[in-house]
Amino acid sequence: MITKCLFPAAGYGTRFLPATKAMPKEMLPIVNKPLIQYGVQEALDAGCHTMSIVTGRGKRSIEDHFDISYELEHQIQGTDKESQLEEIRSIIKKCTFSYTRQNEMKGLGHAILTGETLIGKEAFAVILADDLCFNPNGKSVLAQMMDIYQKYQCSIIAIEEVDFEEVDKYGIMQGEEIEEGIYRVFDMIEKPNKDQAPSNLAIIGRYILTPDIFDILRVTKPGKKGEIQITDALLQQAKMGKVIAYKFKGKRYDCGSIGGFIKATNDFYQSLYS
Ligand code: UTP
């Protein structure tokens with residue numbers, strides 16, 4: 001049973017400058033909720049109640065968001081605005097939040113290793129909040145992955161087919177399809193050129209990881225851009241046949257990019273208000 005979800009949220013968010021100069025990318029709102037709140041709700045829907053967040057300098061508003069704001073609560077008590085806080089209140093009531101800081105931004109792999117202190121020796125989920133996943137007619141993407149984990153008991157990565165022109169933005173996997181939409185992973189390569197890519201199956205921001213990943217990350221050398229890549233660590237598990245890739249049901253928006261953010265905003269607005 002997986003109960004903890006790690007949110008690496010220390011990145012600089014340079015694609016969104018200047019908006020992210022003083023504000024965390026994870027606090028950018030899609031309609032009226034910050035990205036990280038959607039992520040936390042997804043984790044909760046998948047059965048996780050402990051949210052472990054890796055933050056960095058300038059990310060304090062994330063902690064404040066998941067805390068009670070007494071002044072504000074007092075001000076709007078008894079008014080019709082109170083209902084707008086219902087969802088976040090319910091999240092705060094149901095979850096425990098813990099935080100640690102990544103002092104140097106040495107990549108996603110390093111951010112996950114920084115989270116070890118919050119996770120310990122158990123399997124855990126990872127959500128990159130800027131990848132917003134949406135499956136209105138069924139289970140959330142992380143909940144779907146939990147089902148796969150129950151069966152295979154190893155690390156699970158969520159994948160999506162992308163255009164070959166886009167493979168250089170993602171970790172790309174190669175593997176054998178063992179059930180419809182489920183692959184045993186053999187190989188993975190971070191941000192390959194179009195001609196080096198073994199497939200167009202891209203790893204997106206949802207993972208379930210077994211705790212041996214921490215020992216692997218500890219000895220993983222920096223890869224592209226001098227960053228410690230989670231893809232390189234996962235490759236070590238894959239070589240032992242211990243990584244399953246899952247083509248999830250639903251939609252993903254890359255809200256770390258301006259185009260994806262605008263698309264998500266339009267789609268969510270349409271689905272909520274029309
Ligand atoms: P990104 O590749 O989107 O990088 O990180 P970024 O810095 O957030 O954004 P850009 O590319 O500069 O616009 C993927 C995820 O990994 C986290 C980010 O917060 C994001 O959730 N991350 C990345 C860390 O927590 N620490 C890092 O050192 C790097």
Side-chain angles (χ1 to χ4, degrees), residues 5-30 34-40 42-43 51-63 65-66 97-119 124-133 141-142 157-160 162 166-172 188-192 202-207 209 213-214 217-218 220-234 252-262 264:
C5 185
L6 187 71
F7 294 80
Y12 291 123
T14 52
R15 284 170 291 166
F16 254 100
L17 284 170
T20 47
K21 187 163 172 270
M23 180 176 76
K25 169 168 79 171
E26 296 74 18
M27 290 301 291
L28 289 170
I30 298 296
L35 281 168
I36 194 151
Q37 187 176 328
Y38 289 97
V40 166
E42 183 181 336
M51 308 299 162
S52 308
I53 307 185
V54 179
T55 65
R57 282 178 292 281
K59 302 274 186 173
R60 281 276 298 277
S61 58
I62 297 178
E63 294 178 44
H65 186 70
F66 295 110
F97 290 87
S98 59
Y99 299 88
T100 191
R101 274 197 185 208
Q102 187 187 15
N103 301 324
E104 285 180 283
M105 306 327 159
K106 292 201 258 179
L108 176 57
H110 182 259
I112 291 176
L113 181 58
T114 305
E116 181 183 19
T117 179
L118 306 175
I119 300 293
F124 60 103
V126 177
I127 288 185
L128 305 187
D130 50 351
D131 259 348
L132 178 58
C133 290
V141 172
L142 192 61
I157 57 178
I159 52 165
E160 179 178 71
V162 296
E166 303 251 295
V167 290
D168 60 354
K169 294 188 190 150
Y170 297 93
I172 299 292
M188 269 181 265
I189 169 164
E190 183 63 25
K191 302 190 172 73
I203 304 166
I204 64 117
R206 299 287 180 279
Y207 307 78
L209 300 174
I213 199 77
F214 294 126
L217 279 169
R218 247 185 287 284
T220 300
K221 301 246 160 17
K224 288 226 160 129
K225 291 200 287 173
E227 294 186 337
I228 296 173
Q229 306 288 352
I230 188 62
T231 316
D232 291 339
L234 277 165
R252 176 196 66 108
Y253 300 88
D254 173 13
C255 294
S257 75
I258 290 181
F261 179 86
I262 299 298

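Just so you know, ligand 1 is whichever comes first in the structure, and atom 1 is the first atom listed for that ligand.
- Using 4.0 Å as the threshold, Glu227 has no heavy atom nearer than that to any atom of ligand 1.
- Of the protein's heavy atoms, Pro8 O, 3.8 Å lies nearest to atom 17 (C) of ligand 1.
- For the ligand labelled ligand 1, residue Val54 lies outside the 4.0 Å heavy-atom shell.
- For atom 16 (O) of ligand 1, the nearest non-hydrogen atom of the protein is Leu108 CD1, 3.5 Å.
- Heavy atoms only, all atoms of each residue included: Ile119 and Ser52 are closest at CD1-OG, 3.9 Å.
- A 4.5 Å side-chain heavy-atom check between Leu209 and Leu234 finds at least one atom pair inside the cut-off.
- Within the model, atoms OH of Tyr207 and CD1 of Ile157 stand 7.5 Å from one another, a figure rounded to the nearest 0.5 Å.
- Within a 6.0 Å radius of CZ in Arg57, no more than 12 heavy atoms belonging to other residues, nucleotides or ligands are found.
- By the criterion of a heavy-atom distance under 4.0 Å, the side chain of Asp130, and not its backbone, is placed next to ligand 1.
- With Glu160 as the fixed residue, the salt bridge (charged side-chain N to carboxylate O under 4.0 Å, His left out) test singles out one of Arg252, Lys169, Arg206: Arg252.
- Atom 19 (O) of ligand 1 has Gly11 N, 2.9 Å as its closest protein atom, hydrogens excluded (heavy atom only).
- At a threshold of 4.5 Å between non-hydrogen side-chain atoms, the residues Glu26 and Lys59 count as touching.
- Among protein heavy atoms, atom 12 (O) of ligand 1 sits closest to Thr14 OG1, 2.5 Å.
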Q: Give the intermediate values and the outcome of ring-ring contact (aromatic ring centres under 6.0 Å, His included) for residues Phe124 and Phe214.
A: CA-CA 11 Å; Phe124 60 103; Phe214 294 126; 5.2 Å; yes
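- By heavy-atom distance, the residue among Met105, Arg15, Gln102, Lys169 lying nearest atom 2 (O) of ligand 1 is Arg15.
- At the shortest separation from atom 14 (C) of ligand 1 among protein heavy atoms lies Leu128 CD1, 4.2 Å.
- Protein non-hydrogen atoms do reach within 4.0 Å of atom 6 (P) of ligand 1.
- The single protein non-hydrogen atom nearest to atom 25 (O) of ligand 1 is Ala10 N, 2.9 Å, given as residue, atom name and distance.
- Using a 4.5 Å heavy-atom threshold, the side chains of Pro24 and Ile36 count as separate.
- Close contacts between ligand 1 and Ala111 involve ligand atoms 24 (C), 25 (O), 26 (N) [criterion: under 4.0 Å to a heavy atom].
- At a threshold of 4.5 Å between non-hydrogen side-chain atoms, the residues Leu217 and His110 do not count as touching.
- Here the protein heavy atom with the shortest distance to atom 28 (O) of ligand 1 is Gly107 N, 2.9 Å.
- Distances from atom 8 (O) of ligand 1 to the heavy atoms of Lys25, Glu104, His110 put Lys25 nearest.
- Listed by number with element, the atoms of ligand 1 under 4.0 angstrom from any heavy atom of Glu26 are 19 (O).
- Counting heavy atoms closer than 4.0 Å to ligand 1, residue Ala9 contributes backbone atoms (N, CA, C, O) but none from C-beta onward.
- Ile203 places none of its side-chain heavy atoms less than 4.5 Å from the side chain of Ile230.
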